[in-house]
Amino acid sequence: MRLATWNVNSVRARLSHVEQFVTEIQPDILCLQETKVTDNEFPVKAFRNLGYEHHVIAGQKSYNGVAIFSKLPFSTTDSKIWCGKDDKRHLAVTLENGVELHNFYVPAGGDIPDVTVNDKFAHKLEFMSEMTDWFAKRRADDNKLILVGDLNVAPLETDVWNHKQLLKVVSHTPIEVDHMARIYGSHDWIDAMRHFVPEPEPLFSWWSYRSPDWKAANKGRRLDHVWVTPALKPYLKSMNIHLEPRGWEKPSDHAPIAVDFDFSGLT
DNA sequence: ATGCCGTATGATATACGA
């Protein structure tokens with residue numbers, strides 16, 4: 001099973017890119033973030049034409065929004081409200097093999113990494129704390145969970161182009177890294193991307209629009225993630241960050257990530 | 001760290017991204 005996750009920065013503006021990516025990579029399940037569209041305006045038909053018979057979407061006007069498109073059926077679907085805001089940042093589905101998939105869009109957090117002056121940063125930390133509490137409460141050794149999405153934190157030193165220069169930049173501050181570490185600990189999550197590409201090799205999934213010549217400068221950050229619980233670790237087969245779509249005309253600032261699983265032995 | 005780009009909106013400037 002091939003699983004892909006991508007912050008598309010507007011699904012309508014990026015529809016042709018999504019169609020090209022899906023045609024080339026053929027994910028069985030595609031998780032999107034920042035769809036920026038209400039459910040009634042979502043181009044569902046385009047995804048049906050690509051072969052995705054099953055989907056869940058949770059969107060709103062202008063901001064945020066997540067979606068899961070799948071060739072495999074769901075046995076359950078869910079969308080949880082975080083921090084008391086129904087701002088469309090989460091979807092969950094269960095597959096028929098019992099695997100539970102969560103798609104998150106964690107708040108970006110604004111510019112200033114100080115909760116006393118920046119409510120967005122406070123929201124981001126609170127959101128991560130709620131994730132920790134929620135997964136800790138549901139913790140069980142045999143839970144088969146996958147967590148993907150734009151988590152808006154680059155936790156490791158080699159997840160950013162320059163660790164020292166980004167220590168005070170939102171996405172790589174110690175307090176965010178600490179909050180992310182607590183989510184990891186909530187369910188002994190395994191970082192599937194680093195499972196295949198260990199430190200210290202740099203690994204990025206996002207490059208700012210403002211930096212010209214993104215590929216040559218390569219001032220990236222790893223803001224997008226794929227995690228699995230220990231019960232699913234034996235089924236991990238490969239991982240790829242697809243850089244090509246970041247170079248297409250009028251791209252998303254995020255690159256899509258694909259992870260292959262072999263669930264044939266899963267009971 | 002700045003850069004000064006991109007998307008969306010009852011828009012022609014502003015919020016937001018990170």
Side-chain angles (χ1 to χ4, degrees), chain A residues 5-18 32-43 57-67 82-83 85-90 103-115 117-128 149-180 202-225 241 245-257:
Chain A
T5 180
W6 195 4
N7 179 322
V8 288
N9 186 15
S10 169
V11 70
R12 289 177 294 178
R14 221 67 61 207
L15 191 55
S16 67
H17 286 207
V18 175
L32 302 177
Q33 304 89 35
E34 277 209 86
T35 52
K36 294 188 172 181
V37 65
T38 55
D39 293 352
N40 60 316
E41 299 278 333
F42 199 107
I57 55 178
Q60 62 181 32
K61 192 160 70 172
S62 301
Y63 307 118
N64 313 326
V66 285
W82 303 82
C83 301
K85 301 173 192 278
D86 188 14
D87 53 357
K88 312 303 182 187
R89 294 179 179 277
H90 170 252
N103 179 18
F104 278 98
Y105 176 53
V106 171
D111 283 327
I112 304 167
D114 181 346
V115 297
V117 296
N118 178 5
D119 291 342
K120 293 178 193 169
F121 195 68
H123 180 212
K124 182 179 196 173
L125 297 186
E126 176 64 24
F127 194 101
M128 287 195 279
D150 178 2
L151 305 186
N152 269 319
V153 177
L156 303 174
E157 293 191 11
T158 51
D159 288 336
V160 294
W161 66 276
N162 188 314
H163 167 63
K164 284 189 177 175
Q165 290 195 52
L166 287 163
L167 275 171
K168 293 182 178 176
V169 175
V170 171
S171 72
H172 193 61
T173 63
I175 191 167
E176 291 169 270
V177 172
D178 181 61
H179 275 66
M180 178 164 272
L203 209 50
F204 309 145
S205 66
W206 174 89
W207 295 259
S208 171
Y209 285 127
R210 297 183 193 183
S211 180
D213 204 358
W214 70 277
K215 197 163 192 174
N218 200 25
K219 295 183 174 181
R221 308 175 200 172
R222 187 168 69 110
L223 304 180
D224 303 276
H225 296 265
I241 303 177
R246 183 62 182 80
W248 293 343
E249 191 178 350
K250 290 178 75 69
S252 168
D253 42 358
H254 294 254
I257 297 158

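Values in this document were obtained by computation on a predicted structure and should not be read as measured data. Convention: sequence-line order gives letters A, B, ...; per-chain numbering from 1.
Of the listed nucleotides (B/dT7, B/dT2, B/dG17), B/dT7 has the atom at the smallest distance from the side chain of A/A13. Of the candidate nucleotides B/dG17, B/dA18, B/dA8, B/dA18 has the atom nearest to the side chain of A/D111. Nearest to the side chain of A/Y105, among B/dG3, B/dT7, B/dA18, sits B/dA18.
Heavy-atom distances under 4.0 Å link DNA chain B to A/K61, A/S62, A/Y63 of residues 57-64 of chain A, given in residue order.
Contact annotation for A/S252: no contact, since no heavy-atom pair falls under 4.0 Å across all strands. A/K168 comes within 4.0 angstrom of nothing in the nucleic acid, heavy atoms only. In this structure, A/F121 reaches neither bases nor backbone, as no heavy-atom distance under 4.0 Å exists between it and the strands shown.
To the nearest whole angstrom, the two P atoms, one in B/dG10 and one in B/dA15, are 15 Å apart. Spacing between B/dA18 and B/dA13 at atom P, rounded to whole Å, works out to 26 Å. B/dC4 and B/dA8: their P atoms are spaced 23 Å apart (whole Å). Rounded to the nearest Å, the gap between the C1' atom of B/dA11 and that of B/dC16 is 15 Å. When the P atom is compared between B/dT7 and B/dT2, the two are found 24 Å apart, to the nearest whole Å.
Remark: of the listed residues A/T173, A/D114, A/D111, A/T173 is the sole one forming a side chain to side chain contact (heavy atoms under 4.5 Å, CB included) with A/F121.
Considering only side-chain N and O atoms, A/R12 lies under 4.0 angstrom from the phosphate OP1 or OP2 of B/dT9. Considering only side-chain N and O atoms, A/H254 lies nowhere under 4.0 angstrom from the phosphate OP1 or OP2 of B/dG17. One finds a side-chain N or O of A/N152 lying less than 4.0 angstrom from the OP1 or OP2 phosphate oxygen of B/dA18. For A/K250 and B/dT7, the shortest distance from a side-chain N or O to OP1 or OP2 is below 4.0 Å.
Neither side chain, A/D87 nor A/Q60, offers a donor N or O lying under 3.5 Å from an acceptor on the other. For A/S252 and A/R14, the side-chain atoms include no donor-acceptor pair closer than 3.5 Å.
Distance A/L223 CG to B/dG17 C1': 11 Å, rounded to the nearest Å. Across the protein-nucleic acid pair, A/L166 atom CG and B/dA18 atom C1' stand 10 Å apart, rounded to whole Å. In this structure, A/W206 atom CH2 and B/dC5 atom C1' are separated by 11 Å, rounded to whole Å. Atom NE2 in A/H123 sits roughly 16 Å away from atom C1' in B/dA15 (whole-Å rounding). Between A/R210 atom CZ and B/dA18 atom C1' the separation is 8 Å, expressed in whole Å. A/R221 places its CZ atom 11 Å from the C1' atom of B/dG3, with the value rounded to the nearest Å. Counting to the nearest Å, the P atom of B/dA15 and the NZ atom of A/K120 are 9 Å from each other. Nucleotide B/dC5 holds its C1' atom 20 Å from the CH2 atom of A/W248, rounded to whole Å.
Cation-pi contact between A/R246 and A/W214: present, with separation from the ring centre below 6.0 Å and deviation from the ring axis of at most 45°.
Residues satisfying the ring pair (Phe, Tyr, Trp, His ring centres under 6.0 Å) test with A/H123, not counting sequence neighbours, are none.
For the pair A/T35 and A/K164, both in contact range of DNA chain B, the more 5′-proximal nearest nucleotide belongs to A/K164.
Considering CG of A/D150 and CG of A/D253, their distance stands at 9.0 Å, rounded to 0.5 Å. Separating the CE atom in A/M128 from the CE atom in A/M180 is a distance of 6.5 Å, to the nearest 0.5 Å.
The base of B/dG6 has none of its N or O atoms less than 3.5 Å from a complementary donor or acceptor on the side chain of A/R14.
Relative ring orientation between A/F104 and A/F127 is described as perpendicular, the plane-to-plane angle rising above 60° on a 0-90° scale split at 30° and 60°.
Using a 4.0 Å cut-off between charged nitrogen and carboxylate oxygen, A/D86 and A/K88 count as a salt-bridge pair.
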